[in-house]
Amino acid sequence: MRAEQNGYLHTIHSPDDLKRLPSGSLPFLAKEIRERIIHVVQKNGGHLASNLGVVELTIALHRVFSTPKDKIIWDVGHQCYTHKLLTGREDRFDTIRKKDGLSGFPKRSESIHDAMDTGHSSTSISAGLGILTGMRLSGDSEGKVVAVIGDGAMTGGMAFEALNHAGDLAKDLIVIFNDNNWSISPNVGGLSVNSNLSKLSALVSKLTTTRFYQSLRKYIDRGLRGIPFLGYKLYELFIRFKKALKAVVFKETIFSELGFEYVGPIDGHSISRLTEVFEAVRHLHKPVIVHVITQKGRGHSLAEVNPTAYHGVSPMVAVDGKIERKSVMTFTEVFAESLMREAEQRSEIVSITAAMSEGTGLSAFRETYPDRFFDVGISEQHAVTFAAGLAASGMRPVVAIYSTFMQRAVDQVIHDVALPSLPVLFCLDRSGLVGADGETHQGLYDLSLFLSVPGMTLLAPAGKEELPHMLAYALTLDGPCMIRYPKDACLPLGEACSRPIEKGRGVFLREEGGDVLILSYGAICAQCVGAADLLEREGVGADVCNIRFAKPIDEEWLLDSCSGYRTLIIVEEASAIGGIGEYLIALISRYHTDIDLFHFGVPDRFLPHASRKELLTSVGLDAEAIAGRVRLCLAERETFGSKSESWGYRGKE
Ligand SMILES: Cc1ncc(C[n+]2csc(CCOP(=O)(O)OP(=O)(O)O)c2C)c(N)n1
Ligand SMILES: CC(=O)[C@@H](O)[C@H](O)COP(=O)(O)O
Ligand SMILES: [Mg+2]
């Protein structure tokens with residue numbers, strides 16, 4: 001009783017400490033872990049429902065498997081909080097997702113118990129199979145590899161690619177299929193595995209995972225195959241009979257067809273049952289999938305009822321359901337509102353999401369036009385080519401997708417959309433610097449990935465009024481288009497933003513006839529205008545122009561707009577390599593040889609989690625930093641005379 005008064009969680013500094021706890025203390029430990037997760041997520045924000053659903057699963061995994069000798073890979077990784085609490089990070093857990101604190105995802109650089117960095121979905125089986133194969137090739141015949149993948153992540157194509165290969169390699173990979181029927185929204189897809197915890201199927205799984213059954217199986221298989229002439233025929237007949245028998249008990253699953261031993265469904269909240277099954281499967285010498293049924297949001301009354309709203313929460317929402325009231329609309333909200341207006345007028349507009357309807361602002365579209373809304377699951381590649389198909393048959397598809405997840409479907413954009421020049425509109429939310437999700441979610445590469453694709457129109461709104469105009473304009477184009485915007489407030493930036501969209505041309509947000517011109521693209525213009533205001537107080541005149549188009553650019557307009565300035569600063573909230581900075585410098589310097597050209601982009605390194613504001617400062621893209629760097633450029637010009645230098649690489653390191 002006394003131990004429970006003080007709790008167990010603070011005594012766990014490694015999985016070995018967990019293994020030493022009496023099994024009777026584990027339900028209390030699970031309760032402690034849930035309370036700690038809820039408390040910290042309320043303070044820091046983060047992924048709540050997914051983490052609450054895997055507390056017992058994680059305890060059982062670390063009771064049976066011994067990391068780092070055994071490896072556990074968490075698919076997506078957003079559900080790794082219990083894993084972090086049990087692997088020596090309990091003392092730092094309050095820093096999770098905060099600048100310089102613990103990451104909200106597994107990171108090899110953070111702990112020897114994190115076998116793989118994750119963040120993007122559906123990678124765990126591929127990574128696990130690779131790790132396992134490497135272990136075996138380097139002589140490690142003991143270590144086990146466990147991939148924990150949710151039902152949402154299982155809808156990702158690469159999960160099937162990996163299952164197929166794993167079945168073929170037939171190595172003893174263990175896949176834990178965490179089935180809670182939820183992705184962020186209710187899960188989609190035809191993979192309807194038998195999710196009922198039927199007594200019969202649970203009993204049969206209990207039998208088939210015993211060592212006795214496994215050795216009996218081996219004995220029979222070997223005996224049958226050893227019969228001269230008829231052996232293989234009889235063996236094949238036996239396998240088919242066994243499958244038919246299993247099909248009576250289990251809904252035949254795709255997994256067993258792919259060569260996996262299927263075990264389940266198992267109650268994902270019974271630590272004892274999970275432990276028993278994990279002990280059994282760790283001795284199998286073939287690929288095995290353990291189908292675990294969990295409840296997303298378990299132990300939190302609001303999250304249990306609404307796992308979507310509690311998938312990822314901002315601070316102060318976690319416990320009392322208080323939804324923060326925002327005064328200013330976000331880019332996502334402006335996009336959602338504008339799309340609804342367009343969709344009302346044009347029935348050929350359809351919308352597509354890859355399991356992110358809430359995050360991309362498509363919920364209203366889904367409710368209003370259910371027949372014109374498609375959630376394809378976590379399968380961005382399919383989303384893009386499905387959109388191409390829709391466009392080829394006269395529809396006007398709008399694919400709402402985070403910049404970082406767009407990375408999954410580069411070839412589909414090129415091969416299936418741009419090549420045939422199909423009118424698909426990609427609305428890239430979370431473009432630029434994102435906050436607490438860190439390296440895996442930064443939206444910094446869409447420009448360098450797609451700027452070189454022929455026929456693409458690339459647009460970026462600076463202020464509130466611009467996005468609706470850009471959306472309407474994009475929906476008139478007869479080819480592919482991408483509009484990028486950040487996860488941030490969509491601020492009004494003056495009447496220039498309301499001016500009609502002219503192909504290839506931008507607008508001046510500030511035109512005082514200064515010496516300096518800041519050319520920028522999209523939302524980062526707000527920071528540029530702020531910087532110009534700061535410079536003006538020191539008597540430095542800086543004008544600001546949102547080029548609006550990264551492609552196509554009206555070269556005549558651009559070159560004419562640059563005339564008369566001595567210093568030109570190109571600012572982009574994207575990787576400095578391969579973005580618009582390099583592209584514009586090449587264009588302008590051919591014609592304007594008398595202008596000092598500078599380029600401020602995001603430096604060539606991965607950026608960890610922090611707030612968006614902290615990240616902008618860290619790479620020198622907030623108003624104060626831009627102003628400071630402009631001062632330096634001017635000082636350089638005074639000191640060394642005219643020079644042109646790309647500062648993107650020299651962003652504040
Ligand atoms: C490639 C990719 N697309 C989309 C996402 C966004 N995302 C993060 S978690 C998630 C749902 C995951 O569902 P599931 O695997 O069932 O895990 P659960 O949250 O239910 O535990 C999605 C769509 C992502 N991380 N990666
Ligand atoms: C884990 C994951 O990839 C998503 O949950 C992502 O964190 C959502 O990001 P937003 O919170 O910006 O919608
Ligand atoms: Mg799920």
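When a ligand or atom number is given, it counts from 1 through the structure's own listing order.
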### Summary
atom 1 (C) of ligand 1 sits nearest the protein heavy atom Arg408 NH1, 3.2 Å

### Summary
ligand 2 to Phe405, heavy atom cutoff 4.0 Å, flagged ligand atoms 3 (O)

### Task
Name the closest protein heavy atom to atom 26 (N) of ligand 1, giving the residue it belongs to and the distance to 0.1 Å.
Ser121 N, 2.9 Å

### Message
When you measure from the side chain of Asp70 to the backbone of Phe65, do you find a donor-acceptor pair of N or O atoms at a distance under 3.5 Å?
### Response
no

### Task
Among Glu90, Lys84, Arg89, find the residue that satisfies the side chain to side chain donor-acceptor pair (under 3.5 Å) test when tested with Thr87.
Arg89

### Task
Answer with yes or no whether the side chains of Glu358 and Ser185 bring together a donor and an acceptor at under 3.5 Å.
yes

### Query
Which protein N, O or S atoms sit under 2.8 Å from the Mg ion (ligand 3)?
Asp151 OD1, Asn180 OD1, Trp182 O

### Summary
The protein heavy atom nearest to atom 10 (C) of ligand 1 is Ile184 CG1, 3.7 Å

### Query
Is Gln79 in polar range of ligand 1, meaning some N or O pair under 3.5 Å apart?
no

### Query
Does His311 approach ligand 2 within less than 4.0 angstrom via side chain, backbone, both or neither, non-hydrogen atoms only?
side chain

### Query
Which of the atoms in ligand 2, numbered in the order shown and given with their element, are less than 4.0 Å from a heavy-atom of His78?
1 (C)

### Message
Testing the 3.5 Å rule here: is there a donor-acceptor pair between the side chains of Glu614 and Thr617?
### Response
no

### Query
Less than 4.0 Å between a side-chain N and a carboxylate O, is that true for Arg34 and Glu56?
yes

### Task
Using a strict 4.0 Å cut-off to heavy atoms of Lys487, name the atoms of ligand 2 that fall inside it.
10 (P), 11 (O), 12 (O)

### Summary
Checking heavy atoms under 4.0 Å, the part of Trp182 that sits near ligand 1 is backbone

### Query
For atom 6 (C) of ligand 1, what is the nearest protein heavy atom, given as residue, atom name and distance?
Met356 SD, 3.3 Å

## Note on the structure
A student checking ligand 1 against His311 at a 4.0 Å heavy-atom cut-off should list atoms 9 (S), 19 (O)

### Query
Distance only, no hydrogens: is a donor on one side chain within 3.5 Å (strictly under) of an acceptor on the other, for His609 and Lys98?
no

### Task
State whether a side-chain donor-acceptor pair under 3.5 Å links Thr294 with Asn178.
yes

## Note on the structure
Sorted by chain and number, sequence neighbours left out, side-chain hydrogen bond (donor to acceptor under 3.5 Å, both in side chains) with His113 holds for Thr67

### Message
Under 4.0 Å, counting heavy atoms only: does Ser122 come that close to any atom of ligand 1?
### Response
no

### Message
I'd like to know if Asp488 pairs up with Arg612 as an ion pair, taking the criterion as any Lys NZ or Arg NE/NH1/NH2 lying under 4.0 Å from an Asp or Glu carboxylate oxygen.
### Response
yes

### Task
Check each atom of ligand 1 against the heavy atoms of Gly150 and keep those under 4.0 Å away; list them by number with element.
14 (P), 15 (O), 16 (O)

### Task
Considering the heavy atoms of Arg430, write down every atom of ligand 2 situated less than 4.0 Å from one of them.
10 (P), 12 (O), 13 (O)

### Message
Tell me whether Arg36 is salt-bridged to Asp94, with the criterion being a basic N under 4.0 Å from an acidic carboxylate O.
### Response
yes

### Residues Tyr402 and His441: side-chain donor-acceptor under 3.5 angstrom
no

#### Entry: Arg92 atom CZ: more than 12 heavy-atom contacts under 6.0 Å
yes

### Query
Counting heavy atoms only, which part of Glu380 comes closer than 4.0 Å to ligand 1: side chain, backbone, both or neither?
side chain

### Query
Is there a side-chain contact between Ile401 and Cys427, using heavy atoms and a 4.5 Å cut-off?
no

### Task
May I ask you to check whether Asn187 and Asn181 show a side-chain donor-acceptor distance below 3.5 Å?
no

### Query
For atom 1 (C) of ligand 2, what is the nearest protein heavy atom, given as residue, atom name and distance?
His47 NE2, 3.4 Å

### Task
State the atoms of ligand 1, each with its element, that fall below the 4.0 Å cut-off from a heavy-atom position in Ala355.
23 (C)

### Query
Can you tell which of Phe177, Phe260, Phe160 makes a ring pair (Phe, Tyr, Trp, His ring centres under 6.0 Å) with Phe255?
Phe177

### Message
With heavy-atom distances below 4.0 Å as the criterion, list the atoms of ligand 1 near Val76.
### Response
8 (C), 9 (S), 25 (N)

### Message
Considering non-hydrogen atoms of the protein only, which is the closest contact for atom 13 (O) of ligand 1, and what is the distance?
### Response
Ser183 CA, 3.4 Å

### Query
Are a donor atom and an acceptor atom from the side chains of Arg63 and Thr275 found within less than 3.5 Å of each other?
no

### Task
For ligand 2, note which part of Val76 has a heavy atom under 4.0 Å away: side chain, backbone, both or neither.
side chain

### Task
Heavy-atom distances under 4.0 Å are what count here, so tell me which part of Met154 touches ligand 1: side chain, backbone, both or neither.
neither

### Query
What is the closest protein heavy atom to atom 3 (O) of ligand 2, and at what distance does it sit?
His441 NE2, 2.7 Å

#### Entry: Residue and atom name of the nearest protein heavy atom (relative to atom 15 (O) of ligand 1), distance in Å to one decimal
Ala153 N, 2.8 Å

### Message
For atom 23 (C) of ligand 1, what is the closest protein heavy atom, and at what distance to 0.1 Å?
### Response
Ile378 CD1, 3.4 Å

### Summary
Of Thr118, Thr332, Asp437, Thr440, the residue with the heavy atom nearest atom 9 (O) of ligand 2 is Asp437

### Query
What protein heavy atom sits nearest atom 13 (O) of ligand 2, and how far away is it?
Tyr402 OH, 2.5 Å

### Message
Hydrogens and angles aside, do Asn51 and His78 bring a side-chain donor and acceptor to less than 3.5 Å of each other?
### Response
no

### Query
When only distance counts, is His441 in polar contact with ligand 1, meaning an N/O pair under 3.5 Å?
no

### Donor-acceptor pair between Thr353 and Asp375 side chains, under 3.5 angstrom
no

### Query
Quick one: does ligand 1 sit under 4.0 Å from the side chain of Asn180, the backbone, both or neither, non-hydrogen atoms only?
side chain

### Task
Check the side chains of Thr123 and Thr118 for a donor-acceptor pair under 3.5 angstrom, ignoring hydrogens and angles.
no

### Message
Please list the nearest protein heavy atom to atom 14 (P) of ligand 1 with its residue and the distance rounded to 0.1 Å.
### Response
Gly152 N, 3.5 Å

### Query
Do His120 and Phe405 make the cut of ring centroids closer than 6.0 angstrom?
yes

